[in-house]
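Heads up, the thing below is written out as structure tokens.
In what follows, every chain begins at residue 1, and chains take the letters A, B, ... in the order their sequences are listed.
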Amino acid sequence: MTSFSDALCAWYRVAGRDLPWRRTREPYALWVSEIMLQQTQVEAVIPYYARFLERFPTVAALAAADQGEVLKLWEGLGYYARARNLHRAAQQVMAEHGGRFPSTFDAVFALPGIGRSTAGALLTFAFDQPHPLLDGNVKRVLSRLEDLDAPVARASAEERLWARSTELLAGATDAWTFNQALMELGARVCTPRAPDCPACPVATHCRAFAAGTQAMRPVKVKKAPVPHKDIGVAVLWNAARDQVFVQRRPPDGLLGGLWEFPGGKREPGEVMEDTVRRELHEELGLDIAVGAPVVRVKHTYSHFKVTLHVFHCHVLRGEPTLRAATEGGFRPLSELRKLAFPKANLRILDVLLSGS
DNA sequence: AAACCGGGGTC
DNA sequence: GACCCAGGTTT
């Protein structure tokens, strides 16, 4: 019988996709791709990858950039801590490694935003060093290969999968091709639903296929339902009615460093107009008038849902004083596109720019 | 170990 | 709607 790695690599050489980051061995470019690809599908990353490398072609260029511009290029991709960590790590590579991306596991693993799997991928793809990886695709492939009946989120199960990834890689002659092929198999054949087992090059090695349990693998524990919040949001115009107030969120946590229209969460029994008035008084020390509704925006985050209730507002008394926000002020609508906004706020901006 | 951290594609 | 994606960090 053909070995697992030979069968897998032979399939990849024929069926593997031609992706931008598979055409380079340049560590920095691969690094950018690996960070963008965390929890993000290939098709979504491709345009961001090209734009990011065009604007920041080197570690030095990225390290020298303003965080706001880095976030602007990340706008819409989500998990913005990835961009903040990448930016910070670039500065770390300049300071600690003379601008050259490190080539040892410990040094790569020490960079912010790079964990065990991403470090393994980078060392393999940039330096041809055989290090195992274990992303979502590989977890699924290996849990089926083993017919693993323990929830893959459990630490003991995950360690088993790491051991299997290590073991299978050791049987491969070409680590680069093997690791690419393992992920490609998960993305194209060994898919979450309806895996294409008849087309699988390693079906003869697969215990779940033999047992007919592939649809039940990997075993996942169901997640708790996410809470919902109603948020009152102000499109706050200045006295001349030609500028709106935007502010920058705190540097860490949810949507850290991005810009937004001010507002906050509705309290029990409160009507949305009162929420907006209260929040702007608390956040900015302003007395405002709440006028016509602009739009309602529903949005789902990883662990909660929101409905944004947006109103045209104007200042009755006072000057805005920033509390939680780090920057903010009245800006012409035409300048807001230069700032990085989260998706839900971009919808508001779209309405303001097209509707009025 | 569990929570936190976005957005989009898919069924 | 539910599930999942080239995961890592924080608590």
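- In this structure, A:Arg82 places its CZ atom 10 Å from C1' of C:dA6, rounding to the nearest Å.
- Nearest to the side-chain atoms of A:Lys305 among the listed nucleotides C:dA6, C:dC4, C:dG1 stands C:dG1.
- Side-chain N or O atoms of A:Asn179 include one that pairs as donor or acceptor with a backbone N or O of A:His131 at under 3.5 Å.
- For the P atom pair drawn from C:dC3 and B:dA3, the interatomic distance equals 16 Å after rounding to whole Å.
- In this structure, CG of A:Leu19 is placed 17 Å from P of C:dC5, rounded to the nearest angstrom.
- Ring pair A:Tyr301/A:His299 is perpendicular by interplanar angle, where above 60° counts as perpendicular and below 30° as parallel.
- A:Val219 is not listed as a side-chain neighbour of A:Ser143, based on a closest heavy-atom distance of 4.5 Å or more.
- Look at CD on A:Glu34: it is 9 Å from P on C:dG8, rounded to the nearest Å.
- Between A:Arg207 and A:Asp147, no side-chain nitrogen of the basic residue sits less than 4.0 Å from a carboxylate oxygen of the acidic one, so the salt-bridge criterion is not met.
- B:dT10 and C:dA6 have their P atoms separated by 12 Å, with the value rounded to a whole Å.
- Between A:Phe127 and A:Leu122 the shortest side-chain heavy-atom distance does not fall below 4.5 Å.
- Between A:His309 and A:Pro293 the shortest side-chain heavy-atom distance does not fall below 4.5 Å.
- Side-chain atoms of A:Arg217 and A:Arg140, non-hydrogen and from C-beta on, never get closer than 4.5 Å to each other.
- Look at CG on A:Leu37: it is 10 Å from C1' on C:dC5, rounded to the nearest Å.
- Criterion: ILVMFWY side-chain heavy atoms under 4.5 Å apart, direct or through other members. Under it, A:Leu349 and A:Leu236 are not part of a common hydrophobic cluster.
- Looking at residues 141-157 of chain A, you'll see that no heavy atom sits under 4.0 Å from any atom of DNA chain C.
- When DNA chain B is scanned 5' to 3' for any atom under 4.0 Å from a heavy atom of chain A, the first and last hits are B:dA1 to B:dC11.
- Look at the P atom in both B:dG8 and C:dG8: the space between them is 22 Å, to the nearest Å.
- Under the ring pair (Phe, Tyr, Trp, His ring centres under 6.0 Å) criterion, A:Phe56 pairs with A:Phe52, sequence neighbours left out.
- Residue A:Gly76 is in sugar-phosphate contact alone, with no base atom involved, counting any heavy-atom pair closer than 4.0 Å across all strands shown.
- Between A:Arg140 atom CZ and C:dG7 atom C1' there is a gap of 14 Å when expressed in whole angstrom units.
- Using a 4.0 Å heavy-atom criterion, one finds that A:Leu77 contacts the bases of the nucleic acid, with or without backbone contacts as well.
- A:Glu69 and A:Lys72 are not joined by a salt bridge, as no carboxylate oxygen comes within less than 4.0 angstrom of a charged side-chain nitrogen.
- A salt bridge is defined here as a Lys NZ or Arg NE, NH1 or NH2 lying under 4.0 Å from an Asp or Glu carboxylate O, and A:Lys139 with A:Glu146 fails to meet this definition.
- Taking atom CG of A:Asp135 as the reference point, atom P of C:dC5 lies 8 Å away to the nearest angstrom.
- Partners of A:Arg51 by side-chain contact (heavy atoms from CB on, under 4.5 Å), not counting sequence neighbours, listed by chain and number: A:Pro47, A:Tyr48, A:Leu73.
- Across the interface with DNA chain C, nearest-nucleotide mapping of A:Val42 and A:Asn85 shows A:Val42 to be the residue nearer the 5′ end.
- Comparing A:Glu43 and A:Gly256, the nucleotide of DNA chain B nearest to each residue sits closer to the 5' end for A:Gly256.
- The ring of A:Phe330 has its center closer than 6.0 angstrom to the ring center of A:Phe245.
- In summary, A:Asp350 and A:Arg347 do not engage in a salt bridge, as defined by a charged side-chain N under 4.0 Å from a carboxylate O.
- A:Gln38 has its CD atom 12 Å from the P atom of C:dA6, to the nearest Å.
- Between A:Arg193 and A:His303, the residue anchored nearer the 5' end of DNA chain B, judged by the nucleotide with its closest heavy atom, is A:His303.
- Taking every heavy atom of residues 219-235 of chain A and every atom of DNA chain C, pairs under 4.0 Å involve A:Lys220, by number.
- Taken residue by residue, residues 100-133 of chain A places no heavy atom nearer than 4.0 Å to DNA chain B.
- Across all strands, A:Arg84 comes closer than 4.0 Å to no nucleic acid atom at all (heavy-atom distances).
- Note on A:Gln180: a base of the nucleic acid sits closer than 4.0 angstrom, heavy atoms only.
- Counting to the nearest Å, the P atom of C:dC5 and the CD atom of A:Gln39 are 7 Å from each other.
- With contacts defined as side-chain heavy-atom distances shorter than 4.5 Å, the pair A:Lys229/A:Arg266 does not qualify.
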